[in-house]
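Working notes, structure below.
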There are 2 protein chains.
Amino acid sequence: MRIKEGNKEKDILEAAIKVFAQNGFHQSTMAQISEQASVATGSIYLYFPNKKEILQSIFDMLWNNLFETFDTVTSNDKLSPAEKLDGMIDLLFDRFIENPSLAIVFVNEQNHLLFDDKNPFTNNYQRFLDRGIELVRNGIERKEFWGEVDLTIFKYFIFGAVRNLLHLWAQNPDKYNLNTIRKNVKYLMKHGLVA
Amino acid sequence: MRIKEGNKEKDILEAAIKVFAQNGFHQSTMAQISEQASVATGSIYLYFPNKKEILQSIFDMLWNNLFETFDTVTSNDKLSPAEKLDGMIDLLFDRFIENPSLAIVFVNEQNHLLFDDKNPFTNNYQRFLDRGIELVRNGIERKEFWGEVDLTIFKYFIFGAVRNLLHLWAQNPDKYNLNTIRKNVKYLMKHGLVA
DNA sequence: TCTATTATTGAATTATTATTCATTATTAGC
DNA sequence: GCTAATAATGAATAATAATTCAATAATAGA
């Protein structure tokens, strides 16, 4: 018998995140990923059926993880809807601050996948976003939020904004301070630009 | 002698926008583009040196055009900074409302290009964004806008939000009303979510 | 009508790379 | 130490698709 050495599946996923972030999914080759992961090219296929599923696994992991963590924030009933929204922003930022490459892959590659087929990760992603929607609905009911806001539109508004800022930061983590970005996002989300 | 029939360059560009929107840049083949444009595959190379330059030409056209049009809005001194910002939103929305496919291509493919090489369209794109920044700076000086806002962060914030909403709409123009989206964007940008 | 010139064609070429698979390496249990 | 099983390898295969180019078509001017 022979037992698997180390955790190659994890190595490959982490290598893929780096390579995808650097070159984009379609420009990345299996050879690059295997080199980055220090395994043979063929070995990747012992862990993943094909290149696309590597990408899907990345998002699977990400949203599964985020959804679960987010539950902690929303179930705390001492917090107001606005505070919970802030918590949601924090969660996203904290998740990506550990891994700028993951932020880049997320921003650049997820959309394609979202509209392609029925991807398994889509569920977790949608569940995550839906929790945010609930928060906003609740805030409107309590008259804490502007009543004319369309929930879906707000969802895409704030998520697009956050994504774009994460991307900016991830391309150049030393140039921008993620906490400054975070503070601005929270303020703009709640109060907008006009003084 | 023989003269070129019709405007094949334009036909190819328009075909490419459709094909890129449907399949994404990397999944699109020259054969698909040539079929959509009703020309032979080889003919594309009479007008564009390669596939990538087709994409670049699309953005070249877009931002050149938008920057020039935007000059009209900013040079009108009767308008306040907030009104000018609204005008900028209108301009973007109007440009894409004619061509949802172009919106999809913009959202999905521009980022890759932006960080790849020094693309010629980047200039026009940046010039466009910089005009927006000027507006905000001006609004802050007149104390009309929140003074703590970081100009770069706001730029990425609002642009990410708009992009994401354009994409949502472009994927399904019949389901979402772009004018509702537009109204929500303008409000959220200026006053945020909190009532 | 003929010819020179340029436009267009699409099959052939070429390059790239995802995926396969025959071979080799490793080790758990005996 | 031997063996049976599985892990890992990386060169060979196969498929895809960008790009080229020899052949053909069209037309302006003579």
Side-chain angles (χ1 to χ4, degrees), chain A residues 1-60 105 108-110 112-113 116-117 119-120, chain B residues 1-60 105 108-110 112-113 116-117 119-120:
Chain A
M1 259 258 269
R2 186 183 183 182
I3 218 99
K4 287 178 180 175
E5 325 151 359
N7 190 341
K8 288 216 169 48
E9 184 171 338
K10 186 162 159 276
D11 292 349
I12 293 167
L13 274 181
E14 282 171 4
I17 290 171
K18 276 205 190 111
V19 175
F20 290 161
Q22 195 134 77
N23 311 102
F25 176 73
H26 293 285
Q27 263 88 15
S28 301
T29 69
M30 296 303 256
Q32 286 173 310
I33 295 170
S34 65
E35 198 196 339
Q36 174 77 40
S38 305
V39 300
T41 308
S43 299
I44 296 180
Y45 289 87
L46 299 172
Y47 297 91
F48 299 93
N50 55 56
K51 187 178 159 189
K52 199 169 180 181
E53 291 234 356
I54 302 177
L55 189 59
Q56 288 183 347
S57 299
I58 291 170
F59 293 127
D60 240 2
V105 177
N108 281 335
E109 315 298 344
Q110 180 170 302
H112 296 290
L113 240 49
D116 263 12
D117 349 289
N119 289 118
Chain B
M1 262 258 271
R2 185 184 181 183
I3 218 103
K4 286 179 183 174
E5 324 152 359
N7 190 341
K8 289 217 166 49
E9 183 171 338
K10 188 162 159 272
D11 292 347
I12 292 168
L13 274 181
E14 282 171 3
I17 291 172
K18 278 203 188 111
V19 174
F20 290 162
Q22 196 134 78
N23 310 102
F25 176 72
H26 293 287
Q27 264 86 12
S28 302
T29 68
M30 298 302 258
Q32 287 173 310
I33 296 169
S34 64
E35 198 196 336
Q36 174 77 235
S38 306
V39 299
T41 308
S43 299
I44 296 179
Y45 290 86
L46 299 171
Y47 297 91
F48 300 93
N50 56 53
K51 188 177 157 189
K52 198 168 180 182
E53 290 236 354
I54 301 177
L55 189 60
Q56 289 182 346
S57 298
I58 290 170
F59 293 127
D60 239 2
V105 176
N108 281 334
E109 316 297 345
Q110 179 170 303
H112 296 289
L113 241 50
D116 264 12
D117 346 291
N119 288 120

Rounded to whole angstroms, how far apart are CD on B:Glu9 and C1' on C:dA7?
-> 15 Å

Evaluate the side-chain contact (heavy atoms from CB on, under 4.5 Å) criterion for residues A:Asn50 and A:Glu53: first the C-alpha distance (whole Å), next the side-chain angles of each, then the deciding distance (0.1 Å), finally the verdict.
-> CA-CA 6 Å; A:Asn50 55 56; A:Glu53 291 234 356; 3.4 Å; yes

With a non-hydrogen cut-off below 4.0 angstrom, is B:Ser38 in contact with a base, only sugar-phosphate, or nothing?
-> nothing

For the pair made of NZ in B:Lys51 and P in D:dT16, what is the distance, rounded to whole Å?
-> 15 Å

Given atom CD1 of A:Ile33 and atom P of D:dG10, what is their separation to the nearest angstrom?
-> 17 Å

Of all the nucleotides listed (D:dT19, C:dT9, D:dA7), which has the minimum atom distance to the side chain of A:Leu46?
-> D:dA7

So which pairs with a foot in residues 11-21 of chain B pass side chain to side chain donor-acceptor pair (under 3.5 Å), sequence neighbours left out?
-> none

Tell me, which of residues 13-20 of chain B have any heavy atom that sits under 4.0 Å from an atom in DNA chain D?
-> none

Cation-pi check, A:Lys51 onto A:Phe25 ring (under 6.0 Å, within 45° of axis) = yes

Give a yes/no on whether any side-chain N or O of A:Tyr47 is located under 4.0 angstrom from OP1 or OP2 of D:dA8.
-> yes

Between B:Ile54 and B:Phe20, the two heavy atoms sitting closest are CG2-CE1, 4.2 Å

Atom CE of A:Met30 to atom C1' of D:dG10: distance rounded to whole Å?
-> 14 Å

Taking atom P of D:dT9 as reference, at what distance in whole Å does atom CD1 of A:Ile44 sit?
-> 10 Å

Residue set satisfying side chain to side chain contact (heavy atoms under 4.5 Å, CB included) with A:Asp60, at least two apart, ordered chain then number -> A:Pro120, A:Phe121

Return the set of residues passing salt bridge (Lys or Arg N to Asp or Glu O under 4.0 Å) with A:Glu109 (not counting sequence neighbours), or none when no residue passes.
-> none

Can you tell me the distance, in whole Å, between the CD atom of A:Glu35 and the P atom of D:dT9?
-> 13 Å

Distance, rounded to the nearest Å, where A:Asn50 contributes CG and D:dA15 contributes C1' = 15 Å

When rounded to whole Å, the NZ to P distance for the pair B:Lys52 and D:dT19 reads 11 Å

Checking A:Lys52 side chain against A:Leu113 main chain: does a donor-acceptor pair fall under 3.5 Å?
-> no

For B:Phe48, ring-ring contact (aromatic ring centres under 6.0 Å, His included) partners two or more places apart | none

Summary of protein contacts for nucleotides 10-16 of chain C, nucleotide by nucleotide, where a base hit scores B, a sugar-phosphate-only hit scores S (4.0 Å, heavy atoms) = B------

For residues 30-37 of chain A, tabulate all N or O donor-acceptor pairs below 3.5 Å that involve a side-chain atom, not counting sequence neighbours.
residue: A:Gln32; atom: OE1; partner: A:Thr29; partner atom: N; Å: 2.8
residue: A:Ser34; atom: OG; partner: A:Met30; partner atom: O; Å: 3.3
residue: A:Ser34; atom: OG; partner: A:Ala31; partner atom: O; Å: 2.9
residue: A:Ser34; atom: OG; partner: A:Thr41; partner atom: OG1; Å: 3.2

Taking only the side-chain nitrogens and oxygens of B:Lys8, find out if one of them lies under 4.0 Å from OP1 or OP2 of C:dT8.
-> yes

